[in-house]
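As the structure is a prediction and not an experimental result, all values here were calculated from the model. Proteins come first, then strands; the chains are lettered A, B, ... in the order of their sequence lines, and each starts at number 1.
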Amino acid sequence: TNLNAFDIISLSAGFDLSGLFEEK
Amino acid sequence: MGCISTKHTKQTPGYEDPKVLASETAFTVSEVEALYELYKKLSFLIIKDGLIHKEEFQLALFRNSEKQNLFADRVFDLFDVKHNGVIEFGEFVRSLSIFHPDAPEEDKIAFAFRLYDLRQTGYIEREELKEMVMALLNESDLRLSDEVVEQIVDKTFGQADSKGDGRIDLDEWKEFVKKNPSLLRNMTLPYLKDITMAFPSFVMKSEVSDEDM
């Protein structure tokens, strides 16, 4: 497989900080 | 609503002077003030004390304060520089600055390394890498056999652990990121470029404040 472990990890929703900027 | 100067409203605990924060970060004073508007919203989501607790951070990210996520936990812990269980305003601005499109790449590389160094040993170890891959698989619909996970972790280590001592140090990480720039994709938040546009209500308030200064 050509998958890199860090690329897989980077798919986590925990890294997507855009939620901080959404309307509350 | 409307033209109320932020100068005259009660500030949250841990508030820091936007001018000082702007001088230390990639943000302008106006952007720091806009971030304060955002910070106040986040810090009053659940526990109304003007500090961002982990539950509020999770609620903002996932619309669910109970959702457990290894990586969101790590991000929170790194933002919480004082390790007192909350993100204060200064910590919020300084940490978010690393995610600014104009922030130095070196800072992004170092922050990502600390994120992945789960046990804070100064190294990304093989077990940590496997643990993080397994955590991602648990959170997603991706299904990989243990054998395939082992292969992926081994291969990644083979590429990143250039000294071959079974752990990735910061220098090895820097080299690895140079060859794989996509690894820094999560370290830039385009939103931060126009944070004042994202909070237009703030702009009205800011104009009043600026006249006062």
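Neither the backbone nor the side chain of B:D73 comes within contact range of chain A; no heavy atom of the residue lies under 4.5 Å from a heavy atom of that chain. Contacts of B:V133 with chain A are made by both backbone and side-chain atoms, with heavy-atom separations under 4.5 Å. Residue B:L192 touches chain A through its side chain alone, counting heavy-atom pairs closer than 4.5 Å. Only the side chain of B:R185 comes within less than 4.5 Å of a heavy atom of chain A; its backbone N, CA, C and O stay farther away. Of the atoms belonging to B:F44, not a single heavy atom falls under 4.5 Å from chain A. Both the backbone and the side chain of A:N4 come within less than 4.5 Å of a heavy atom of chain B.
A pairwise comparison of heavy atoms in A:I9 and B:L129 identifies CD1-CD1, 3.6 Å as the closest pair. The two residues B:S182 and A:D7 make their nearest non-hydrogen contact at OG-OD1, 3.3 Å. Nearest heavy-atom pair across A:G14 and B:F62 is CA-CZ, 3.9 Å.
Heavy atoms from other residues, nucleotides or ligands lying under 6.0 Å from CD of B:E105 number 12 at most. By the neighbour-count criterion of 12 heavy atoms within 6.0 Å, atom CZ of B:R63 is sparsely surrounded, having that number or fewer from other residues, nucleotides or ligands.
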I would like to know whether A:F6 and B:V177 meet side-chain contact (heavy atoms from CB on, under 4.5 Å); could you show each step before the answer?
-> CA-CA 10 Å; A:F6 290 106; B:V177 169; over 6 Å; no

Can you list the steps and then say if B:L61 with A:L17 is a side-chain contact (heavy atoms from CB on, under 4.5 Å)?
-> CA-CA 6 Å; B:L61 291 189; A:L17 301 188; 4.0 Å; yes

side-chain contact (heavy atoms from CB on, under 4.5 Å) between B:F99 and A:L20, intermediate numbers included | CA-CA 13 Å; B:F99 292 81; A:L20 297 177; over 6 Å; no

For B:N69 and A:S12, what are the C-alpha separation, side-chain angles and deciding distance, and is it a side-chain contact (heavy atoms from CB on, under 4.5 Å)?
-> CA-CA 8 Å; B:N69 184 291; A:S12 173; 3.5 Å; yes

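In this structure a side-chain-to-backbone donor-acceptor pair under 3.5 Å is present from B:T156 to A:A5. Panel note: side chain B:E139, backbone A:A13; a donor-acceptor pair is recorded below 3.5 Å.
Side-chain contact check for B:N186 versus A:D16: every heavy-atom pair is 4.5 Å or farther apart.
Classification of the B:Y116-A:F15 ring pair by plane angle, with boundaries at 30° and 60°, yields perpendicular.
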